[in-house]
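Heads up, the thing below is written out as structure tokens.
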2 protein chains.
Amino acid sequence: MLEALGDPTRRTIFELLGAGPRSVAEIAGDLPVSRPAVSQHLKVLRDAGLVASTAMGTRRIYAVDPQGLAAIRGYFDQFWNQALAAFAQAAENPPEEKT
Amino acid sequence: MLEALGDPTRRTIFELLGAGPRSVAEIAGDLPVSRPAVSQHLKVLRDAGLVASTAMGTRRIYAVDPQGLAAIRGYFDQFWNQALAAFAQAAENPPEEKT
DNA sequence: GCCATCGGAAAGCCTAGACTTACCGTTCGT
DNA sequence: ACGAACGGTAAGTCTAGGCTTTCCGATGGC
């Protein structure tokens with residue numbers, strides 16, 4: 001899931017969609033890559049559950065999927081708490097010379 | 001910054017460190033890759049501001065950098081709010097046939 | 001002082017995947 | 001019904017980068 005956002009182009013697309021739904025052509029218009037490339041990226045993002053599409057005539061309107069975004073936030077929130085706990089423990093138990 | 005977490009191996013390392021600080025050899029011991037590979041990943045994570053290292057004798061103890069983690073959480077929180085706003089607006093203004 | 005251990009650096013290989021061009025199916029407008 | 005626009009698919013190319021092996025500097029123990 002985070003792998004999908006690892007690619008800069010894909011992240012840009014995701015951020016574009018964050019500002020509001022867009023068609024494929026509109027997205028491609030704001031990017032330095034061809035339209036098929038955008039299509040491929042959208043497929044990855046869709047498979048990752050980060051965006052969703054709705055058909056409007058011949059156009060496909062893409063938008064960020066709140067579920068996916070929430071999942072990511074949840075992941076980092078959990079991670080944050082875990083890291084905090086680790087910090088607290090590290091503060092108490094001074095690091096050993098040899099584990 | 002998210003590019004650093006895009007790689008599965010690197011994300012695994014990051015998650016390992018989330019459970020507590022570790023030396024390079026210890027990290028490599030839990031992974032199916034060689035130690036130099038871990039070193040390279042740690043360099044990337046360090047450059048991304050996601051981990052920090054402290055020297056302990058000949059060992060380097062790596063730990064997640066709270067700053068970096070907080071930055072990521074901030075990014076997604078901001079994104080979340082932005083997406084919410086976009087949703088609200090999309091709900092009001094029904095999508096046009098042509099933009 | 002010497003040896004062992006730990007970890008980063010350099011060089012090279014090799015695959016994943018990002019991008020392009022070309023093509024085709026679908027849907028709408030007239 | 002026909003043409004145009006939109007978008008997904010296929011095939012092929014090419015580079016980024018992940019991994020390995022090798023080597024070296026630095027620190028600590030004995």
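Protein chains get the first letters and strands the later ones, always in sequence-line order, with residue 1 at the start of each.
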Picking from D/dG28, C/dG7, C/dC28, the nucleotide nearest the side-chain atoms of B/V24 would be C/dG7
Whole-Å distance, A/R60 CZ to C/dT26 P, equals 11 Å
- Test item: B/I13 and B/D30 side chains (from C-beta on) under 4.5 Å apart, heavy atoms: no
Between A/F79 and B/G18 the two heavy atoms that sit nearest each other are CZ-CA, 3.8 Å
Whole-Å distance, B/R59 CZ to D/dG28 C1', equals 12 Å
Is B/D47 salt-bridged to B/K43, going by a charged N under 4.0 Å from an acidic O? yes
Between its two end axes (five pairs each) the helix from C/dG1-D/dC30 to C/dT30-D/dA1 turns, nearest 10 degrees, through 30°
When rounded to whole Å, the CZ to P distance for the pair B/R11 and D/dG18 reads 12 Å
Any donor-acceptor pair under 3.5 Å linking the side chain of A/R10 with the backbone of A/A4?
yes
Minimal heavy-atom distance between A/M1 and A/L50, with the atoms involved, is O-CD1, 3.9 Å
Check your understanding: A/Y75 and B/E15: side-chain donor and acceptor closer than 3.5 Å?
Key -> yes
Exercise. For C/dC19, does either OP1 or OP2 sit under 4.0 Å from a side-chain N or O belonging to A/T9?
Worked result: yes
B/D7 atom CG is separated from D/dG17 atom C1', nearest whole Å, by 9 Å
In numerical order, the residues of residues 31-51 of chain A whose heavy atoms come under 4.0 Å of DNA chain D are A/R35, A/P36, A/S39, A/Q40, A/K43
From CZ of A/R10 across to P of D/dA16 the rounded distance in Å is 17 Å
Quick note, A/S23 side chain, CB onward, closest among D/dG7, C/dC28, C/dC6 is D/dG7
Are side-chain heavy atoms of A/D7 and A/V44 found at a separation under 4.5 Å? no
B/M56 CE to C/dT5 P, in whole Å, measures 18 Å
Side-chain heavy-atom pair A/L16, A/V64 within 4.5 angstrom cut-off | no
Can a donor-acceptor pair be found between the side chains of A/R60 and A/S23 at a distance below 3.5 Å?
-> no
>> Please tell me if A/Y62 has a side-chain N or O lying less than 4.0 Å from either OP1 or OP2 of D/dC6.
In response: no
To the nearest angstrom, the CD-P distance between B/E3 and C/dG17 comes to 15 Å
